[in-house]
Student: 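Sharing a structure, written as structure tokens. Questions coming.
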Amino acid sequence: MPTDPPRMFTRLDAAFVALLLTLLGTVWYLGYGSYQEITKIEKVRVTAQTFVKWLEAAHAQRTAGTEVAPPACGRDTSAAPAERLNWGNCLRSLQGPGQAMHDIQNPVNAESPVFSTKCDRNVLNTKGSIVVEKGVSGLNGTTQVIAYAPIGEQEPVHEELLLRVTVCGHGFTSSSIAEVKF
């Protein structure tokens, strides 16, 4: 009685190959999505570093007593009234036409703000934003301590400010870029 030759590729083999291809496709899809998100966050980091360079240059101009563009970010109260020299007006002016940050947008979501007051996982549009905080120095016993808090829209900018610039990144975690005087 002749025996049938063993099958080379069974249904079980086909199921295994299908499962393997499905898993490989899933890993590729998740990896590609993570790569896209990390690329967007890296664009935010580069933008934040550009902003820090502008802050440093503006601080040098402000310290030297030369005019800063835009005037809303300067110290000269004769060019703009002191009440107009606040953080909110400075940021809006800086993003205005022809200014240093006029063409930036949040790469994670174009409708989300470029700048925010904090990185908050309950407010989804803060992901990919640049967070600027004001440093306040004080004494903790005998140790000099700098505490950071969100900078308000009405914070005057005609005096020197210590700022910390961070980026709201993956998982809504803050990634520090720099501490700078402005």
Side-chain angles (χ1 to χ4, degrees), residues 37-110 112-120 123 125-140 143-182:
E37 185 171 338
I38 289 170
T39 301
K40 291 176 182 178
I41 297 301
E42 187 57 31
K43 287 180 185 176
V44 177
R45 290 181 62 81
V46 169
T47 301
Q49 290 167 348
T50 302
F51 178 60
V52 166
K53 288 178 185 172
W54 180 87
L55 287 170
E56 290 170 340
H59 179 261
Q61 290 174 326
R62 289 162 46 114
T63 303
T66 58
E67 191 172 315
V68 176
C73 297
R75 287 185 170 170
D76 187 8
T77 55
S78 64
E83 62 271 3
R84 293 207 53 237
L85 295 177
N86 61 47
W87 184 249
N89 287 339
C90 176
L91 273 185
R92 283 187 289 280
S93 297
L94 191 58
Q95 292 176 288
Q99 297 300 326
M101 308 291 279
H102 76 281
D103 60 348
I104 63 169
Q105 63 180 5
N106 187 328
V108 173
N109 184 355
S112 296
V114 175
F115 294 95
S116 63
T117 57
K118 64 180 181 172
C119 189
D120 188 356
V123 183
N125 71 353
T126 60
K127 186 175 187 178
S129 63
I130 299 170
V131 179
V132 182
E133 299 170 306
K134 176 186 174 190
V136 180
S137 62
L139 289 176
N140 183 8
T143 308
Q144 182 83 16
V145 180
I146 298 176
Y148 289 93
I151 187 167
E153 289 262 327
Q154 298 302 319
E155 184 70 39
V157 295
H158 60 277
E159 298 172 1
E160 185 174 87
L161 297 171
L162 178 62
L163 301 175
R164 177 171 62 185
V165 179
T166 60
V167 169
C168 186
H170 183 72
F172 294 92
T173 56
S174 292
S175 176
S176 182
I177 300 298
E179 293 179 5
V180 63
K181 288 184 179 179
F182 175 65

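Please read all numbers here as calculations on a predicted model, not as lab measurements. No hydrogens, no waters, no symmetry mates; every other heavy atom, side chains included, goes into these values.
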Student: Could you pull out all donor-acceptor pairs under 3.5 Å where a side-chain atom in residues 94-105 meets a protein atom, sequence neighbours excluded?
Tutor:
residue	atom	partner	partner atom	Å
H102	ND1	Q99	O	2.8

Student: What is the ring orientation for W87 with F182, classed by angle as parallel under 30°, tilted 30 to 60°, or perpendicular over 60°?
Tutor: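 Geometry flag for F182 against W87: perpendicular rings.
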Student: Check the pair N109, N125 against side chain to side chain contact (heavy atoms under 4.5 Å, CB included), reporting the backbone distance first and the verdict last.
Tutor: CA-CA 7 Å; N109 184 355; N125 71 353; 5.6 Å; no
Student: Output every pair passing salt bridge (charged side-chain N to carboxylate O under 4.0 Å, His left out) with a member in residues 51-60, not counting sequence neighbours, ordered by first then second residue.
Tutor: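 Listed once each, the pairs would be none.
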Student: Just by distance, do the side chain of T126 and the backbone of D120 share a donor-acceptor pair under 3.5 Å?
Tutor: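 Such a contact is found between T126 side chain and D120 backbone.
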Student: Any chance you could measure C168, atom SG, to N106, atom CG, to the nearest 0.5 Å?
Tutor: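 These two atoms lie 9.0 Å from each other.
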Student: Supply the atom-to-atom distance E42 CD to T47 OG1, rounded to the nearest 0.5 angstrom.
Tutor: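 If we round to the nearest 0.5 Å, E42:CD and T47:OG1 are 10.0 Å apart.
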Student: Return the minimal non-hydrogen interatomic distance between V131 and T117, and the atom names on each side.
Tutor: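 The answer is CG1-O, 3.5 Å.
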Student: Under the rule for side-chain hydrogen bond (donor to acceptor under 3.5 Å, both in side chains), what residues qualify as partners of R92, not counting sequence neighbours?
Tutor: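 R92: side-chain hydrogen bond (donor to acceptor under 3.5 Å, both in side chains) contacts with N89, E153.
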Student: Can you name the residues that form a side-chain hydrogen bond (donor to acceptor under 3.5 Å, both in side chains) with E155, not counting sequence neighbours?
Tutor: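 Once residues adjacent in sequence are excluded, the partners of E155 under the side-chain hydrogen bond (donor to acceptor under 3.5 Å, both in side chains) criterion are K134.
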Student: Rounded to the nearest 0.5 Å, how far apart are CD1 of I130 and CD1 of I177?
Tutor: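 I130 CD1 to I177 CD1: 8.0 Å, rounded to 0.5 Å.
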Student: At their closest point, which heavy atom of S116 faces which heavy atom of S129, and how far apart are they?
Tutor: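 Where S116 meets S129 most closely, the heavy atoms are OG-OG, 2.7 Å.
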Student: Got K127 and K40 here, is their nearest side-chain heavy-atom distance under 4.5 Å?
Tutor: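 No - every pair of side-chain heavy atoms lies 4.5 Å or more apart.
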Student: Could you go through the side chain to side chain contact (heavy atoms under 4.5 Å, CB included) check for L91 and V132 one step at a time?
Tutor: CA-CA 11 Å; L91 273 185; V132 182; 5.7 Å; no
Student: Which pair of non-hydrogen atoms, one from S93 and one from A72, has the smallest distance, and what is that distance?
Tutor: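 Minimum heavy-atom contact is OG-CB, 3.4 Å.
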Student: Give, for atom OG of S176 and atom CZ of R45, the distance between the pair rounded to the nearest 0.5 Å.
Tutor: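 The OG atom of S176 sits 8.5 Å away from the CZ atom of R45.
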Student: Run the side-chain hydrogen bond (donor to acceptor under 3.5 Å, both in side chains) test against R62 and tell me which residues pass, sequence neighbours left out.
Tutor: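 Result, side-chain hydrogen bond (donor to acceptor under 3.5 Å, both in side chains) vs R62: none returned.
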Student: Would you please name every residue forming a side-chain hydrogen bond (donor to acceptor under 3.5 Å, both in side chains) with K43, sequence neighbours left out?
Tutor: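 For K43, no residue satisfies side-chain hydrogen bond (donor to acceptor under 3.5 Å, both in side chains) once neighbours in sequence are set aside.
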Student: Could you work out, with side chain to side chain contact (heavy atoms under 4.5 Å, CB included) as the rule, every residue matching S174, not counting sequence neighbours?
Tutor: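 S174: side chain to side chain contact (heavy atoms under 4.5 Å, CB included) contacts with C119, T166.
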Student: Residues in side chain to side chain contact (heavy atoms under 4.5 Å, CB included) with I146, at least two apart?
Tutor: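 Side chain to side chain contact (heavy atoms under 4.5 Å, CB included) check on I146 returns S137, Y148, L162.
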Student: With sequence neighbours left out, write down each residue that passes side chain to side chain contact (heavy atoms under 4.5 Å, CB included) with E159, or none if nothing qualifies.
Tutor: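 Partners of E159 by the side chain to side chain contact (heavy atoms under 4.5 Å, CB included) criterion come out as none, since no residue qualifies.
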Student: Keeping the roles fixed (side chain from T66, backbone from Q61), state whether a donor-acceptor pair exists under 3.5 Å.
Tutor: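 Yes, T66 side chain to Q61 backbone: donor-acceptor pair under 3.5 Å.
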Student: With side chain to side chain contact (heavy atoms under 4.5 Å, CB included) as the criterion, how do E133 and K118 come out once you've worked through the C-alpha distance, each side chain's angles and the decisive distance to 0.1 Å?
Tutor: CA-CA 8 Å; E133 299 170 306; K118 64 180 181 172; 5.8 Å; no
Student: Roughly how far apart are E160 CD and K181 NZ, rounded to 0.5 Å?
Tutor: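 Going from CD on E160 over to NZ on K181, the span is 5.0 Å.
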Student: Any pair with a residue in residues 165-180 that passes salt bridge (charged side-chain N to carboxylate O under 4.0 Å, His left out), sequence neighbours left out, goes on the list, sorted by first then second residue, please.
Tutor: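 Sorted pair list comes back empty.
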